[in-house]
Number of protein chains: 2
Amino acid sequence: MYDGLTVYGSTEFLDNLIDKKSLFLCTIATTATSKIPGITGAGASPDLTEYTPAADVEMIVHDRPLCLTEIPKTVSDGGSAPTPAIITKAALNLAKIPFMVANAGVLVKPNLPYISLGEIPGKDIRTGKAVHNPKKIFENGKILAGMLSNLTDHLIIGESTPAGTTTALGVLTALGYDASFKVSGSLIENPHDLKKKVVSEGLKAAGIHWGEKVSDPFKAVEAVGDPMIPAVAGLIMGSQIPVTLAGGTQMTAVCALIKSLQPDFDFSQVCIATTIFVVEDDNSNIQHILKQIGEISLYAADPLFHESDNENLQRYLSGSVKEGVGAGGAIMAAILQGTDIHQILQEIENLCKKIF
Amino acid sequence: MYDGLTVYGSTEFLDNLIDKKSLFLCTIATTATSKIPGITGAGASPDLTEYTPAADVEMIVHDRPLCLTEIPKTVSDGGSAPTPAIITKAALNLAKIPFMVANAGVLVKPNLPYISLGEIPGKDIRTGKAVHNPKKIFENGKILAGMLSNLTDHLIIGESTPAGTTTALGVLTALGYDASFKVSGSLIENPHDLKKKVVSEGLKAAGIHWGEKVSDPFKAVEAVGDPMIPAVAGLIMGSQIPVTLAGGTQMTAVCALIKSLQPDFDFSQVCIATTIFVVEDDNSNIQHILKQIGEISLYAADPLFHESDNENLQRYLSGSVKEGVGAGGAIMAAILQGTDIHQILQEIENLCKKIF
């Protein structure tokens, strides 16, 4: 029925959304944590990682980045894999799903209209003071979701936040979850030890002991999170329509924040949609994290890159990139509109030829 | 049929929109021109006028301004009239019309999620360098309209731009239109001489002679306009759905810019909706300006303040405020959803009691 999707949990969430109107909202944020060498692959060099969110959404809207001369890519294994924004663009194009951008706090602002939820980029979490006023970003997310709930039937929230799995590890840890060696990452070799070390330093700087659960959930974000996490948590809690969290282990940190803010929150109108590259990854475990939070449906999209002749796309098969810019959720949303997964692969290949 | 609305032109635009989905987008901008004493009533004092757009939209979303302790009002005639945002809020509330904010360039940013089209507030037009990169604001407006066209059937664009009739006079003049003594204003005594003097100074500083039509339309905005004008022009030109310009003579400057950019632009999917306080004003003449541009339907809403016991609302009858924050267009949109004009008056009175 849902060819191209692997279902973990029930299909009920999907069944209710067939042919309904969707809006894809890409939430962008930066954290100076991404400039730590070796922590992320989301950018050709550490200094360029803070351009990646703006470049990703510019590529979707303008067919090319305007803030950078080059398309963001993950460099590893002697070659480079294109940004997952290309997957998102292909899926949304084919299914004619409207695309908007929410800025939770970025250093480099995109050259296009975006919804402002926060003005201040995230700081290096090793300072223990990563996010300025996460409550305000959260409240803005809530208000925005109320506005958007009147304009569509289904909200798909993607993200572009380089080093976001490290900040996710930080928030999950500070909220009392076991996520060490479980978060995903954009590099073939997931630098779990580095991520843990960076989080440890941040927690220490904030006066939080590893394994201790902070009493104020926003304190976890403020200390070792990124601006995307409170923005998306607010969007979910303010939404009156079903929400797809289009992302990997970063989205579990969002769910954990919601659970901490409202322990009886009903997740039945929320799902996580990601790629098979995240769900089938041996070096991370999204299901292990999710199980600690609650029953949240998980869907994994397979863009069929093993059927592609494109060498750069094939790098996803060896563990490069994996997910980002809501790629998995965009595929899911397109499938719900009746788009064939093979068509999506073809459109991705076409875009690769056209853009690169 | 359209009780509460006076129709100038055809009802066809209205007939096609009955019961269709609408989205109200309030475009906010500031221009330091508003700090010239006596030029505008949109704020309790000249220095507070740059808070008015943020306070207006905060009042609609949060029920009270957050950036100021007081609700914006026009002080004149020994008393004060409430901001027209209260009319907009009442009409949108009753008709359950979604509300969003687009920031074209404000000095004081609102505490709520807004769509960013421009980052830089307008300068005093006497400098002859009023708006930074109007083309970019215009392009962002175009892109945003494309996004919103997929989310609703009808876009209503309001504005809050203190001193916006002066900048409108500037742009209209630089584009070759006769608008002297024809633009509206928020004060009982419209300071036409001051407005003309300020525009003259701006044109002179920009090297444009009065009566000379500039060859590059964006140059008119850059020299003596405000950021709202290119934003809304872009929104109209990028829209694939009918657009209501909810405003008074400021919106004629927007139409003039479009006409200069594309002389054969088809205005059949555009209307201007304002209040009777603008259309019936003896000290301005919106129809005189509009006729020079082309055939654009004009609708005037009457909130029945002559039937109200509220003294502050009655000040609108003697020429205070007149229009703003899309008040007239919000009433029109509510009427299209079947809301009775008497109900709207009652809701305005209720809000006045609740908020003030």
Side-chain angles (χ1 to χ4, degrees), chain A residues 21-28 54 57-58 60-63 66 92-93 95-104 106 109-120 133 135-155 231 234-235 238 240-241 337, chain B residues 21-28 54 57-58 60-63 66 92-93 95-104 106 109-120 133 135-155 231 234-235 238 240-241 337:
Chain A
K21 280 179 66 176
S22 292
L23 167 63
F24 187 100
L25 183 71
C26 186
T27 307
I28 56 173
V57 293
E58 286 173 353
I60 290 176
V61 170
H62 298 293
D63 293 340
L66 303 181
L92 300 183
N93 278 0
K96 299 193 194 328
I97 294 171
F99 174 82
M100 294 188 85
V101 176
N103 171 17
V106 288
K109 289 176 179 169
N111 292 288
L112 47 79
Y114 58 82
I115 303 169
S116 177
L117 299 177
E119 295 276 317
I120 303 167
N133 205 348
K135 181 100 192 296
K136 186 173 172 184
I137 303 171
F138 170 84
E139 293 295 342
N140 275 340
K142 262 179 104 166
I143 297 169
L144 175 61
M147 294 171 170
L148 298 178
S149 293
N150 291 309
L151 297 173
T152 188
D153 303 318
H154 172 210
L155 190 59
L235 282 162
Q240 291 138 31
I241 55 175
Q337 299 294 319
Chain B
K21 279 178 69 177
S22 293
L23 166 63
F24 187 101
L25 184 71
C26 186
T27 308
I28 57 173
V57 294
E58 286 173 354
I60 291 176
V61 170
H62 297 295
D63 294 339
L66 303 181
L92 300 182
N93 278 0
K96 299 195 192 330
I97 294 170
F99 174 83
M100 294 188 86
V101 175
N103 171 18
V106 288
K109 289 177 178 166
N111 292 286
L112 46 79
Y114 59 82
I115 303 168
S116 179
L117 299 178
E119 294 277 316
I120 302 168
N133 206 347
K135 182 101 193 297
K136 186 172 172 186
I137 303 171
F138 170 84
E139 292 296 342
N140 276 339
K142 262 178 105 166
I143 297 168
L144 175 61
M147 293 169 170
L148 297 178
S149 293
N150 291 310
L151 297 173
T152 189
D153 304 318
H154 171 209
L155 191 58
L235 282 162
Q240 291 138 31
I241 55 175
Q337 298 294 319

Please name the pair of heavy atoms, one in [X] and one in [Y], separated by the smallest distance, quoted to 0.1 Å.
X         : Y         : answer
Asn140(A) : Leu112(B) : OD1-CA, 3.4 Å
Lys21(A)  : Leu151(B) : NZ-O, 3.8 Å
Met147(B) : Pro98(A)  : O-CB, 4.4 Å

Where on [X] is there a heavy atom nearer than 4.5 Å to chain A: the side chain, the backbone, both, or neither?
X         : value
Leu144(B) : both
Ile97(B)  : neither
Val101(B) : neither

>> Is Lys109(A) in contact with chain B via its backbone, its side chain, both, or neither, using a 4.5 Å heavy-atom distance?
In response: side chain

> Who passes side-chain contact (heavy atoms from CB on, under 4.5 Å) against Glu139(A), sequence neighbours left out?
Replying inline: Lys135(A), Lys142(A)

>> Can you pull out every salt bridge (Lys or Arg N to Asp or Glu O under 4.0 Å) where at least one residue sits in residues 143-152 of chain A? Sequence neighbours excluded, please.
In response: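 Salt bridge (Lys or Arg N to Asp or Glu O under 4.0 Å) check on residues 143-152 of chain A returns no pairs.
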
>> We want to know whether Lys136(B) and Asn111(A) form a side-chain donor-acceptor pair, criterion being a heavy-atom distance below 3.5 angstrom.
In response: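 Asn111(A) and Lys136(B) do have a side-chain donor-acceptor pair below 3.5 Å.
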
